[in-house]
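Since the model is a prediction, treat every value here as computed from it, not as a measurement. When a ligand or atom number is given, it counts from 1 through the structure's own listing order.
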Amino acid sequence: MLIKNIVIENSAEITDIRIKDGKFERISKDISPLSGEEVIDCKGCMALPPFVESHVHLDTCLTAGDPCWNLSGTLFEGIECWAKRKEKLSKKDIKERAGKAIRMQASNGVQFVRTHVDVTDPTLIAIEAMLELKQDLKDIVDIQIVAFPQEGIMSYPNGEKLMENAVKMGADCIGAIPHFEFTREYSVESLNFIMKLAEKHNKLVDVHCDEIDDEASRGLETLACRAYEYGMGEMVTASHTTAMHSYNNAYVSKLFRLLKMSKINFVSNPLVNTHLQGRMDTYPKRRGVTRVKELLEAGINVSFGHDDIFDPWYPLGTGNMRDVLHMGLHVCQMMGYEEILNSYKLITHNGAKTLHLSNYGIKEGNPADFIVLNADNFYNALNEKAAVLYSYRKGKLIASETPSIKKVLF
Ligand SMILES: [Zn+2]
C-alpha cells in the first residue's frame, strides 16, 4: 500500500510512505505506485503515531450515576460511589463497558492504553475480565494492565496478597495509592512493598501518587528514591502528583534534583484533576494539577491521561485524548505557539516512553501504526478539532472518520 502526500509530525515537507507486510517499508518523496498497488492520497494532511492513553480506568468507565452521582465532586465521594457500584460487578459487565470505551478510544485515534484495574476486591474479577479483553482486542489495541489498589494495600484486608495474586494472574504493571493509606507509615510501607514486588517479577510500576491537595502528602519522594536506588526509574511512573501543585518552592527545588536523578515518568490527568481538586478550598481555589511545565523544562518525561471516562470520578468524556490535551495546555499555561504545535508529544511519544513501548513511531522498519488528521499541522488540528481521517494498525485500517460539513447561511 502506498500513502501519498502526507506530512509526518509537523514536518515542513510532504512525503510518501510505502507499507508492506504490516510495516513501514519506505518513507521518501515521490514514490511511484507499483502495478496494482493500493494508493491513498492524503492531500497534505498530517500523520502521527497513534495516540497513547497513558492513564485510564477502564473497569470503572461508563458507570456515572449508577447507582448514585458523585454530588460533592470529590475523589473521596467517588470512591464511596464506586464501592456501591462494585457490589454488582460481573465479568460480563466489565467486558461490555470496557470494550465499548476501547472502541470509543479507537475512533479517536488511540491504539495504546494503560488501564488501572481495581484489585481491592477478594474476587479479583476486574483483573480477570481485563486480561480476557486484552487478549480479545489485541489486534486493535495494546492494553497494559496495572494492578491498582483503590482502597489501599496496607489499609485493606489482605491487600498485599491481592497485589501478589494480580501480578501472578498477569498484570503488566504494579500500582499503589500512598495518599489513601491510613497513615504516613503505611504509605511508605506500601511503596517499599510494591517496589520489591516489581523488582522480583520485573514489572513496570505506576503509582497513584499524592492525588490530594495536601502539601504534606509526600509519597513522591519515597517513590522516586526507591526507583533511584533500584535503578528502575524508567520503568516507574508517578501519576497525578497533584500535591506538588501545593508544595512550597524551596521543597520543590530540592525534590527536582531527586526526580531528575531517578529518571521516573509522570502522568498528569488535567481533565479529572481540575474537576476533583481544590474542592476543600474556598477562594483562591487551587487548580490541583501537577507542575507539568516545570517538569518538562527539567527534562523529565510527562504524558497526559484521561483517567476517568464517565464514571464516579468524572461525569463526562468520550475517550478523546485531544480533549485532555486541550484542558492540559490551558491549566498548565502552555499556550505558546511552539508549545501548542508540539503538544501532541504529550499524548504520543511521551506516553510511549511511560508505557515502555518499543518500535513506536513512523519510521522505516517499525509496525505501520499511524493516524491521519484532517489538518496540515498539529496546531491547526487541535484548534480545529480536526477529524481522525484514518487509524491504521500494522497497515490495516481499524477506524475512519468523515469530516462533518458545517454551513453558515449568511
Ligand atoms: Zn487514576
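Note on ring orientation: taking the six-membered ring where Trp is involved, the planes of Tyr247 and Tyr251 are perpendicular (angle over 60°, cut-offs 30° and 60°). Aromatic ring pairs are classed by plane angle as parallel below 30°, tilted from 30° to 60° and perpendicular above 60°; the pair His208 and His240 is tilted.
Atoms CZ and CE, from Phe266 and Met244 in turn, are 4.5 Å apart once rounded to the nearest 0.5 Å.
Heavy-atom contacts from other residues, nucleotides or ligands closer than 6.0 Å to CG of Asn158 number 12 or fewer.
Sorting the N, O or S atoms of Asp307 by how far they are from the Zn ion (ligand 1) puts OD1 first. Considering just the N/O/S atoms of His208, the one nearest the Zn ion (ligand 1) carries the name NE2.
In summary, no N, O or S atom of His116 is located under 2.8 Å from the Zn ion (ligand 1). Checking Asp308 against the Zn ion (ligand 1), every N/O/S atom stays at or beyond the 2.8 Å cut-off.
Judged by distance alone, the side chains of Thr354 and Asn301 do bring a donor and an acceptor atom under 3.5 Å apart.
Vertex the Zn ion (ligand 1); arms to His55 atom NE2 and His57 atom NE2; angle 100° (nearest 10°).
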